[in-house]
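Dropping a structure here in structure tokens format, bear with me for questions.
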Amino acid sequence: MNLAGIGYDCHRLSEGRRLLLGGVEIPYERGLDGHSDADVLAHAVIDALLGAAGLGDIGDHFPDTEERWRDADSIELLREVVRVIAGEGLQIVNVDCTVMMEKPKLAPHREAIRERLADALGLAPRRVNVKATTGEQMGFIGRGEGVGALAVASLRDDR
Ligand code: MG
């Protein structure tokens, strides 16, 4: 049986923070603000995986009220979720995602992000797709106030 899950996340762009997307640091004058490292793409992928597995959401597993998740490396959180999913006897088939960001351009970093996510997911890079779009200067994305990310994950359940 195939299972599908979606994930969505957004974080505010602020001065003095790093811009991490899918575990790749992108040079920019601002970065993403949050309790963890605020890797909005990793968070969307985590929620897509948990959704497909029927295991709730990222806040259930890594509450932002807990001090131990402060500045957490979200790729490590993703690796933990991948372990949980494997422990359930589920296999990750593919992940597709979209980063919604006005600036900077994602294109120069897309392959690096794909490879980093694929490594964390234990997948071949061809099973991970990373897309990008802007907000066409509309809304919080278009005004550069924040970055959003969407992800879809497919799992195989042979239990
Ligand atoms: Mg988040």
Side-chain angles (χ1 to χ4, degrees), residues 3-53 55-66 69-82 85 92-121 123 125-155:
L3 304 169
I6 65 163
Y8 169 76
D9 195 22
C10 59
H11 281 269
R12 185 180 293 277
L13 278 165
S14 297
E15 312 259 329
R17 295 278 302 186
R18 299 192 300 158
L19 177 55
L20 280 164
L21 293 171
V24 173
E25 184 162 357
I26 294 173
Y28 190 51
E29 62 205 40
R30 291 180 295 156
L32 295 173
D33 207 357
H35 184 69
S36 66
D37 64 9
D39 186 334
V40 66
L41 179 56
H43 294 181
V45 170
I46 286 170
D47 261 0
L49 292 169
L50 291 172
L55 292 172
D57 69 19
I58 189 168
D60 296 330
H61 294 259
F62 311 106
D64 64 8
T65 50
E66 282 186 21
W69 305 123
R70 181 176 298 279
D71 297 323
D73 177 344
S74 296
I75 288 292
E76 286 310 312
L77 306 185
L78 175 57
R79 289 186 194 279
E80 173 59 22
V81 167
V82 169
I85 282 169
I92 303 169
V93 177
N94 80 305
V95 168
D96 183 26
C97 51
T98 300
V99 175
M100 297 173 286
M101 181 168 75
E102 206 68 17
K103 276 184 193 164
K105 286 270 177 234
L106 194 72
H109 310 285
R110 271 173 65 182
E111 275 308 306
I113 293 169
R114 176 187 222 172
E115 280 170 26
R116 185 96 163 99
L117 285 176
D119 179 66
L121 291 160
L123 291 176
R126 68 177 185 279
R127 300 280 195 92
V128 180
N129 195 62
V130 179
K131 310 187 298 301
T133 189
T134 68
E136 295 284 341
Q137 294 161 38
M138 297 180 291
F140 78 90
I141 290 164
R143 290 189 297 266
E145 292 168 10
V147 177
L150 288 164
V152 173
S154 174
L155 307 182

query = Hey, are Arg79 and Asp119 close enough for a salt bridge, meaning a charged N less than 4.0 Å from a carboxylate O?
reply =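 A salt bridge is present here (some side-chain N lies under 4.0 Å from a carboxylate O).
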
task = Check the surroundings of atom NZ in Lys131: do more than 12 heavy atoms from other residues, nucleotides or ligands lie under 6.0 Å from it?
result =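 Atom NZ in Lys131 is crowded, with more than 12 foreign heavy atoms closer than 6.0 Å.
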
query = Just wondering, do His109 and Pro27 contact through their side chains at under 4.5 Å, heavy atoms?
reply =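 Pro27 vs His109: side chains touch.
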
message = Just verifying a value: how many Å separate Asn94 CG and Ser154 OG, rounded to the nearest 0.5 Å?
response = 5.0 Å

ask   = Taking side chain as C-beta onward, heavy atoms only, is Arg110 less than 4.5 Å from Val99?
value = no

query = side chain to side chain contact (heavy atoms under 4.5 Å, CB included) between Leu121 and Arg127: does it pass, once the steps are laid out?
reply = CA-CA 10 Å; Leu121 291 160; Arg127 300 280 195 92; over 6 Å; no

ask   = Just by modelled atom types, is the Val24 backbone N or O under 3.5 Å from a matching donor or acceptor in the Arg116 side chain?
value =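 No, the answer is negative, given that no donor and acceptor are paired below the 3.5 Å cut-off.
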
request  = Would you check, one step at a time, whether the test side chain to side chain contact (heavy atoms under 4.5 Å, CB included) holds for Leu106 with Ile113?
outcome  = CA-CA 10 Å; Leu106 194 72; Ile113 293 169; 3.8 Å; yes

ask   = Say you draw a straight line from CD1 of Ile85 to CG of Leu55; how long is it, rounded to the nearest 0.5 Å?
value = 6.5 Å

task = List the steps and the verdict of side chain to side chain contact (heavy atoms under 4.5 Å, CB included) for Val147 and Leu13.
result = CA-CA 7 Å; Val147 177; Leu13 278 165; 3.9 Å; yes

request  = Taking the side chain as every heavy atom from C-beta outward, state whether His43 and Phe62 have any atom pair closer than 4.5 Å.
outcome  =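 A side-chain contact under 4.5 Å is absent here.
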
query = For Gly31, does its backbone N or O pair with a side-chain atom of Arg18 as donor and acceptor, under 3.5 Å?
reply =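 Such a contact is absent between Arg18 side chain and Gly31 backbone.
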
task = Return the minimal non-hydrogen interatomic distance between Leu20 and Leu32, and the atom names on each side.
result =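 So the two residues come closest at O-CD1, 4.0 Å.
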
key: Close side-chain approach of Val95 and Leu117, heavy atoms under 4.5 Å   =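 The answer is no; the side chains never approach within 4.5 Å.
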
task = Indicate yes or no: at least one non-hydrogen side-chain atom of Leu78 is less than 4.5 angstrom from one of Leu49.
result =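 The answer is yes, as the side chains (C-beta and beyond) meet within the 4.5 Å cut-off.
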
Which atom of Ile58 lies closest to which atom of Leu50, heavy atoms considered = N-CD1, 3.6 Å

query = If you count the non-hydrogen atoms of other residues, nucleotides and ligands that lie under 6.0 Å from CD in Glu136, is the total more than 12?
reply =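 Atom CD in Glu136 is not crowded, with 12 or fewer foreign heavy atoms closer than 6.0 Å.
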
ask   = Going through the checks in order, is the side chain to side chain contact (heavy atoms under 4.5 Å, CB included) test met by Leu19 and Arg30?
value = CA-CA 7 Å; Leu19 177 55; Arg30 291 180 295 156; over 6 Å; no

inquiry  = I'd like to check Gln137 versus Glu102 (side-chain heavy atoms, cut-off strictly below 4.5 Å). Are they in contact?
reply    =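 Result yes, sub-4.5 Å side-chain heavy-atom pair found.
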
query = Short question: side chain of His61, backbone of Leu77 - any donor-acceptor pair under 3.5 Å?
reply = no

query = Can you name the nearest heavy-atom pair linking Leu155 to Ala53, along with the distance?
reply = CD1-N, 3.6 Å

ask   = Got a second to check how far Arg114's CZ is from Leu123's CG, nearest 0.5 Å?
value =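 Spacing of CZ (Arg114) from CG (Leu123) equals 11.0 Å.
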
task = Determine whether Glu76 and Glu80 make a side-chain contact, defined as any pair of heavy atoms from C-beta on separated by less than 4.5 Å.
result = no

query = Taking all atoms of both residues into account, what is the closest heavy-atom pair of Pro125 and Ala118, and its distance?
reply = CA-CB, 3.7 Å

inquiry  = How close do Ile75 and Ala120 get, counting heavy atoms only, and between which atoms?
reply    = CG2-CB, 4.1 Å

key: Distance (rounded to the nearest 0.5 Å) between Leu41 CG and Met100 CE   =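 Output value for this atom pair is 10.0 Å.
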
Trp69 to Pro63 - nearest heavy-atom pair and separation = CD1-O, 3.1 Å

message = Donor-acceptor check, side chain of Asp96 to backbone of Val152, threshold 3.5 angstrom: yes or no?
response = no

key: Within-4.5 Å side-chain heavy-atom neighbours: Asp47 and Ile6   = no

key: Basic-acidic side-chain contact under 4.0 Å: Asp33, Arg17   = yes

